[in-house]
Amino acid sequence: MYEQVSHSLLNQILDEIKPEIRKRNLLRFYTRLGANFYAIHSLFTHLYGKRPDFLEQMVKLVEVLASRYIERSDDLEELDIERELNHNWFLDQNWVAMALYADGFSENLNGLKKHCSYFQELGINMLHIMPMMKCPEGASDGGYAISDFKDIDERFGLLEDLKELAGHLRKRDMLLTLDVVVNHTSDQHEWAQKAKQGNKKYQDYYYTFPDRDIPDMFEETMPEIFPETSSGNFIYDETMNRWVMAVFNDYQWDLNYSNPQVFIEMVDIILFWANQGADIIRLDAVAFLWKKIGTISQNEREAHLILQLMKDCCQVTAPGVLFIAEAIVNPTEIIKYFGEDAVIAKECEIAYNATFMALLWDSVATKNTKLLTQGIKSLPNKLNRATWLNYIRCHDDIGLGFDDVDIVAAGYEPISHRRFLLDYFIGHYEDSIAKGVPFGRNQKTGDARISGSLASLVGLEAAVKQNDEKMIDDSVQIILLLHGMIMSFGGIPLLYYGDEIGTLNDDSYLEDENKANDTRWIHRPKIDWQKADLRHQHGTVEQRIFTGLQKLISIRKTIPAFADFNNRELIEVENEHLFVFIRNNPDRDKEEVLVVANFDAKPQHLNLSDLGNRAHFEYSQLRDLVSGDTPSIFKDELVIPPYHFYWLSDQYSTAIF
Ligand code: GLC
């Protein structure tokens with residue numbers, strides 16, 4: 001948009017910009033800057049317009065964008081241009097992701113590179129490598145307490161190794177996702193160290209206070225995130241003789257985004273990693289970016305403005321790079337991290353579908369889909385050019401983040417239902433075979449979240465211990481069922497490393513004093529490659545899960561109806577054990593897939609008349625895309641075996657079988 005004030009300011013900035021930048025031929029850069037400048041200027045003014053150094057900061061921001069553009073490699077710029085042309089590229093059904101710790105999956109980055117064929121064997125083409133930037137020895141919240149944002153921790157290798165890995169992946173058409181921990185730094189970061197030494201500039205990078213007056217006001221409404229290990233949201237720093245905001249662990253200091261220098265530093269860091277070859281940047285803990293007294297200091301409007309501004313800046317320098325929002329908040333809030341536009345994601349193109357994740361776990365525990373169906377019915381529609389990251393579990397705890405209103409609508413009482421779920425997964429409930437452990441128990445509220453590997457949570461650990469073939473079989477089925485859901489729901493399925501071979505809980509973390517008080521380490525495994533080799537041995541659990549997933553992935557990739565164009569219709573059916581939806585191919589009328597999942601331990605029936613006139617299937621022609629079989633239909637009733645799902649279609653037959 002052309003707007004006089006912002007454009008005359010742009011002219012002024014271009015005059016003031018460093019001569020070495022001014023002299024370059026930056027045609028593409030200036031075109032994008034011109035296109036985005038109105039938005040950048042408006043947002044920057046909104047956030048920082050009242051500051052006397054506003055113009056100086058704007059010049060600095062543009063300089064950062066230009067310098068990082070100059071540094072961007074030709075290869076990456078080519079990708080940018082390609083993706084600008086084909087801007088829906090990430091909505092394709094071809095993408096299947098896996099999240100992993102480089103040192104858990106292998107020894108380090110080089111080791112990881114050597115295992116690339118493993119990903120290709122399974123069909124993974126997008127890797128999220130958990131944070132590996134420099135962080136202090138000892139406790140570092142799994143790499144989320146960073147002491148140097150522009151270097152790799154030596155445990156993982158060198159920056160060069162990462163660059164090489166990025167190139168290696170690119171050659172294989174695989175995407176690389178890296179974390180940028182935007183909300184906080186380690187208290188060992190240079191900025192924090194300088195703040196401690198009394199440097200005012202760097203004290204202003206954080207929220208620091210001389211006494212408890214303001215912290216106490218914040219505390220009145222701010223919840224505790226890690227109540228067991230770091231109660232309260234402020235810590236007292238003796239060297240500095242000030243209170244500092246530290247919402248997560250005591251050693252993770254929250255950055256102060258009301259200071260534009262912090263914003264500019266972070267944009268520089270994001271672009272730095274984009275230039276190392278990251279295709280996607282996962283922005284950590286974005287809900288927390290803005291703090292306001294009298295609120296819970298999450299999901300504030302300014303947090304959204306900061307993300308919009310980050311996106312606009314990234315589009316100028318590295319437009320091919322996408323953002324993932326890590327905002328594990330209420331369903332109605334999560335959706336806002338795509339940005340509130342009509343079509344295009346103005347903040348993050350991708351967001352964790354924490355709602356679907358939690359709802360799936362509800363169905364595992366209850367064996368019915370009342371809340372799952374209700375929760376998905378209430379999930380607001382997302383933008384067309386944005387997509388979900390659908391996952392079953394990740395490196396974090398599982399929070400029961402669905403809405404109480406939906407719990408009531410599903411016929412439960414919220415407090416007791418949540419208590420039941422927690423008891424179920426930590427194995428306190430009589431009939432439960434789950435082997436989870438609580439995380440973040442809050443003694444004041446009784447709340448807790450759940451840790452535990454997927455396999456252990458669905459009963460595989462108990463089954464193996466009891467050497468019970470039927471139980472083993474059921475847990476393998478549940479693992480495949482859950483993956484069947486994330487692969488067909490709409491969005492990018494995100495697998496978690498180790499789940500593909502049924503990795504059980506690992507309690508060796510209890511022997512490490514830096515990890516022992518954080519139960520999430522129970523599901524952050526070191527891959528046992530001998531166990532992984534069993535994926536080639538017929539009949540083993542590893543082989544059943546691995547080949548099952550391999551098949552689902554390869555089928556997913558061939559089904560255009562599984563691409564994400566908001567082309568899903570949820571169907572409420574009478575049978576409360578079934579989760580049913582239709583995916584359609586927006587480009588080809590009547591090319592549909594009917595997804596029917598049975599979360600119960602007994603076979604269930606779907607009355608096909610429940611589908612009404614929403615499906616256009618030729619029922620006699622229906623085939624399950626996974627098995628290739630025609631499912632049993634008895635007088636209009638489709639039979640679904642226990643813990644089983646179908647991807648049914650009357651098309652696609654030749655493509656797949
Ligand atoms: C995110 C990460 C989590 C970490 C927290 C604080 O939620 O996923 O592992 O503890 O941020 O950085």
Side-chain angles (χ1 to χ4, degrees), residues 99-105 128-147 153 155-156 179 181 183-189 223-233 235 246-254 282 284-285 287-288 326 328 352 354 357-358 361 391 393-401 422 425-427 434-457 461 496-499 503-527:
L100 51 86
Y101 285 92
D103 58 345
F105 188 75
H128 168 208
I129 308 181
M130 305 294 297
M132 50 195 162
M133 295 170 197
K134 262 207 168 44
C135 49
E137 269 179 41
S140 69
D141 191 20
Y144 285 99
I146 288 170
S147 53
D153 200 284
R155 280 173 300 148
F156 299 103
D179 272 88
V181 185
N183 180 66
H184 43 263
T185 74
S186 151
D187 61 357
Q188 304 299 308
H189 190 285
E224 292 177 323
I225 306 299
F226 293 152
E228 285 169 316
T229 50
S230 332
S231 64
N233 290 288
I235 54 119
V247 169
F248 290 90
N249 287 296
D250 293 350
Y251 52 81
Q252 288 166 301
W253 289 14
D254 285 65
R282 174 190 183 274
D284 185 61
F288 296 83
E326 195 257 344
I328 312 302
Y352 279 79
M357 181 273 301
W361 284 107
Y391 65 116
R393 69 142 320 104
C394 65
H395 68 289
D396 277 330
D397 45 290
I398 296 169
L400 304 173
L422 185 63
F425 285 113
I426 61 179
K435 292 269 178 256
V437 285
F439 172 78
R441 201 185 268 290
N442 188 326
Q443 296 302 348
K444 292 172 217 154
T445 61
D447 259 5
R449 282 108 73 189
I450 300 150
S451 288
S453 80
L454 165 60
S456 292
L457 287 174
E461 186 173 329
Y496 185 60
Y497 81 120
D499 287 351
T503 303
L504 304 179
N505 284 346
D506 171 7
D507 52 20
S508 61
Y509 75 102
L510 292 169
E511 287 146 33
D512 181 339
E513 56 171 356
N514 295 312
K515 295 179 176 166
N517 63 7
D518 186 337
T519 60
R520 290 175 298 175
W521 287 101
I522 205 167
H523 57 251
R524 296 172 176 177
K526 183 98 194 142
I527 292 295

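- Scanning all heavy atoms of the two residues, the minimum distance from His523 to Tyr496 falls at O-OH, 2.9 Å.
- Using a 4.0 Å cut-off between a side-chain N of Lys or Arg and a carboxylate O of Asp or Glu, Asp396 and Arg524 qualify as a salt bridge.
- Between Tyr352 and Tyr391, a ring centre-to-centre spacing shorter than 6.0 Å is recorded.
- Without hydrogens or angle criteria, Ser147 side chain to Ser186 main chain gives no donor-acceptor distance under 3.5 Å.
- Atoms CG and CD, on Asp447 and Glu224 in that order, are 11.5 Å from each other to the nearest 0.5 Å.
- Annotation: the span from Glu326 atom CD to Asp179 atom CG amounts to 8.0 Å, rounded to 0.5 Å.
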**OP:** Go through Thr229 and Asp250 one step at a time and tell me if the side-chain contact (heavy atoms from CB on, under 4.5 Å) criterion holds.
**Re:** CA-CA 9 Å; Thr229 50; Asp250 293 350; over 6 Å; no
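- Taking the side chain as every heavy atom from C-beta outward, Glu228 and Asn517 never approach each other to under 4.5 Å.
- Here Phe105 pairs with His115, Tyr118, Phe119, Trp529 under the ring-ring contact (aromatic ring centres under 6.0 Å, His included) rule; sequence neighbours left out.
- The distance from atom CG of Asp506 to atom CD1 of Ile527, rounded to the nearest 0.5 Å, is 10.0 Å.
- For the atom pair NZ (Lys134) and CD1 (Ile146), the distance works out to 12.0 Å, reported to the nearest 0.5 Å.
- Taking all atoms of both residues into account, the shortest heavy-atom contact from Cys135 to Asp153 is N-OD2, 2.9 Å.
- Ring to ring, His395 and Tyr144 are close: their centroids are under 6.0 angstrom apart.
- Judged by distance alone, the side chain of Asn505 and the main-chain N or O of Ser453 form a donor-acceptor pair under 3.5 Å.
- Closest approach of Pro438 and Ala448 over heavy atoms only: CB-CB, 4.3 Å.
- Closest heavy-atom contact between Asp254 and Ala246: OD1-CA, 3.5 Å.
- Closest heavy-atom contact between Phe425 and Ala434: O-CB, 3.6 Å.
- Note: Tyr101 OH to Met130 CE = 4.0 Å, rounded to the nearest 0.5 Å.
- Rounding to the nearest 0.5 angstrom, the gap separating the CG atom in Leu100 from the OH atom in Tyr497 is 7.5 Å.
- Here the closest non-hydrogen pair linking Phe248 and Ala285 is CZ-CB, 3.9 Å.
- In this structure, Val181 and Met133 have side chains that are not in contact, with every pair of non-hydrogen atoms separated by 4.5 Å or more.
- Between the Asp518 side chain and the Arg520 main chain, a donor and an acceptor come within less than 3.5 Å of each other.
- Panel note: side chain Lys515, backbone Ile522; no donor-acceptor pair is recorded below 3.5 Å.
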